[in-house]
Amino acid sequence: MSTKAITLILQILLMVCVAFILNGCLNKQKTSSNAKSQTNLYPSDVIPFMDKWKILLGDGTRSEELVNYAKKDFFYVENHGKTDWVVYKTPNSGITSKTSSNTRTELHQKKYWKPKEGGKLTGTLKVQHVSTSGDARVASSYCTVIGQIHSDEGHENEPLKIFYKKFPGHKKGSVFWNYEINTKGDNSGRWDYSTAVWGYDFSYVGESATTYPDEPKDGIALGEIFSYEVNVYKGIMYLTFKADGHKTVRFAKNLLKSDFTTKEAIPEQVLKVYASKNRDGVEHENAYSGELMYFKQGNYNQANGKSTKSETYNGNIAKQYANGSYAEVWFKEATIGKAIKPKN
């Protein structure tokens, strides 16, 4: 074989080797890029409505801008199978708002609206964890609030709080919603009226600090996916709850006219739950009519070291996370927008 032929063969082999090496580098770079795109997702990449909200986290961090925003251990993205989820995590004790003893990693709607104008909020989620410590006699033990309507005027009460609650040792928990009366006069006699969706309502408590009611037969387990829709249309709050394997449940509540204007109208449930607190106030005839409202969504942990006597490890967040003293909620879908006319 001539020298010229050998040289040509060597040149071809060199070109093949270079091409092979470059291709390997490109594939490695592509793989690295794909891995980065998965691990560096922001909540706003999963649920695009984040520009409509601000947030307060369980360590007291606040942010007005949530596009391309995340915070390790509080507000971030987790992937499970083929689904990305926005995680809202908060300890039993941290830094919270000036009007509450409970920590939250929770969205706060920027736009305010009145009941006649209304609005619509949806969420598809699963609750991954609630505090494993607390006092079973206290109704707010072992639970978190996953959606709210909050008033920004008057007494700043809450016409809606959607709860998830699970007692220790139970596989299934309860989903229920509370309506807080908009108290006439001062606000010392305020109270919530609770309605069960699946499982129990707010009023089911233990006989002692460590004894629990029977496990709900139609409850929702940790990790079980369910959804809610809150549609306030012309002053009426329409609620819809759905979950596979469970009956779809719907409710309607007038926010413009009160059902609780006399002491005789106070439900027996309320007298039972608030017996020790003497909360027997009555409501404005016009309920929440004319007040500015806003939605909230995420994880408002109801466990604390005071009323529920939940373990807080002196506020050490890492120890709380390591020992079950926290709440964790995952959302895969959520929307916010204008109210729509109900089909029925």
Side-chain angles (χ1 to χ4, degrees), residues 55-62 71-76 78 87-106 125-148 161-176 178 192 194 199-216 219-224 273-274 276-277 296 298-330:
I55 199 168
L56 171 61
L57 308 180
D59 64 347
T61 300
R62 297 176 184 269
K71 179 73 181 291
K72 182 182 177 183
D73 294 331
F74 295 94
F75 181 61
Y76 55 95
E78 282 282 359
V87 179
Y88 300 80
K89 189 173 182 180
T90 189
N92 290 355
S93 176
I95 300 173
T96 187
S97 66
K98 61 183 181 181
T99 59
S100 177
S101 299
N102 301 317
T103 70
R104 69 189 81 204
T105 295
E106 186 181 38
L125 68 145
K126 55 184 178 181
V127 179
Q128 297 290 75
H129 187 85
V130 290
S131 177
T132 54
S133 61
D135 187 327
R137 298 167 296 186
V138 180
S140 53
S141 290
Y142 318 116
C143 65
T144 189
V145 173
I146 54 178
Q148 294 190 64
K161 294 190 290 287
I162 302 172
F163 287 77
Y164 177 86
K165 177 175 182 174
K166 188 189 77 67
F167 288 98
H170 289 184
K171 291 183 178 179
K172 294 181 179 181
S174 298
V175 176
F176 54 89
N178 284 12
D192 286 9
S194 185
Y200 302 133
D201 63 42
F202 191 63
S203 67
Y204 280 72
V205 295
E207 293 183 359
S208 73
T210 56
T211 58
Y212 316 116
D214 292 336
E215 184 171 337
I220 297 287
L222 291 175
E224 185 174 353
V273 172
Y274 296 103
S276 64
K277 300 179 181 179
K296 306 190 84 173
N299 179 8
Y300 180 23
N301 189 359
Q302 299 300 289
N304 60 63
K306 297 179 181 178
S307 62
T308 67
K309 299 179 176 61
S310 302
E311 182 58 65
T312 63
Y313 296 92
N314 295 316
N316 185 309
I317 293 176
K319 285 187 176 180
Q320 290 179 82
Y321 283 175
N323 291 280
S325 295
Y326 67 95
E328 183 174 338
V329 182
W330 293 17

Do [X] and [Y] have side-chain heavy atoms sitting under 4.5 Å apart?
X    : Y    : result
F167 : E215 : no
L57  : I55  : yes
Y274 : S203 : no
L125 : W330 : no
V273 : F202 : yes
T103 : I95  : no
K161 : D192 : yes

Whether F75 and Y88 hold their rings parallel, tilted or perpendicular, with breakpoints at 30° and 60°: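 Geometry flag for Y88 against F75: tilted rings.
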Mutual orientation of the aromatic rings belonging to Y212 and Y142 [parallel < 30°, tilted 30-60°, perpendicular > 60°]: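 Perpendicular, since the angle between the ring planes exceeds 60°.
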Residue of the set Q128, K126, K166 for which side chain to side chain contact (heavy atoms under 4.5 Å, CB included) holds with L222: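 That would be K166.
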Check against side chain to side chain donor-acceptor pair (under 3.5 Å), S131 and N92: CA-CA 7 Å; S131 177; N92 290 355; 3.0 Å; yes
Derivation of the salt bridge (Lys or Arg N to Asp or Glu O under 4.0 Å) call for E106 and K296: CA-CA 7 Å; E106 186 181 38; K296 306 190 84 173; 3.4 Å; yes
I146/F163 under side-chain contact (heavy atoms from CB on, under 4.5 Å): CA gap, chis, key distance, verdict: CA-CA 6 Å; I146 54 178; F163 287 77; over 6 Å; no
Check against side-chain contact (heavy atoms from CB on, under 4.5 Å), I220 and K172: CA-CA 5 Å; I220 297 287; K172 294 181 179 181; over 6 Å; no
Considering all heavy atoms, the nearest T308-S140 contact: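 Closest pair (atom of T308, atom of S140, distance): CG2-OG, 3.4 Å.
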Nearest heavy-atom neighbours spanning A136 and S208: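 Taking every non-hydrogen atom into account, CB-O, 3.5 Å.
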[X] side chain vs [Y] backbone, donor-acceptor pair below 3.5 Å:
X    : Y    : value
H129 : G324 : yes
E311 : S325 : no
T96  : N102 : yes
K165 : A139 : yes
D135 : R137 : yes
Y321 : D73  : yes
S310 : S133 : yes
T144 : Y300 : yes

Verdict with reasoning, T61 to K71, per side-chain contact (heavy atoms from CB on, under 4.5 Å): CA-CA 9 Å; T61 300; K71 179 73 181 291; 3.1 Å; yes
Roughly how far, to the nearest 0.5 Å, is [atom2] of [Y] from [atom1] of [X]?
X    : Y    : atom1 : atom2 : result
D59  : R62  : CG    : CZ    : 11.0 Å
T90  : F74  : OG1   : CZ    : 6.5 Å
E328 : N301 : CD    : CG    : 11.5 Å
I317 : S93  : CD1   : OG    : 8.0 Å

Cation over ring face, K89 and Y326, 6.0 Å, 45°: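 Judged by the rule, K89 and Y326 form a cation-pi pair.
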N304 and S101: side chain donor to acceptor below 3.5 Å: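 There is no such pair between these side chains.
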Centroid-centroid under 6.0 Å between F176 and Y200 rings: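 No.
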Working for side-chain contact (heavy atoms from CB on, under 4.5 Å), residues V130 and C143: CA-CA 6 Å; V130 290; C143 65; 5.6 Å; no
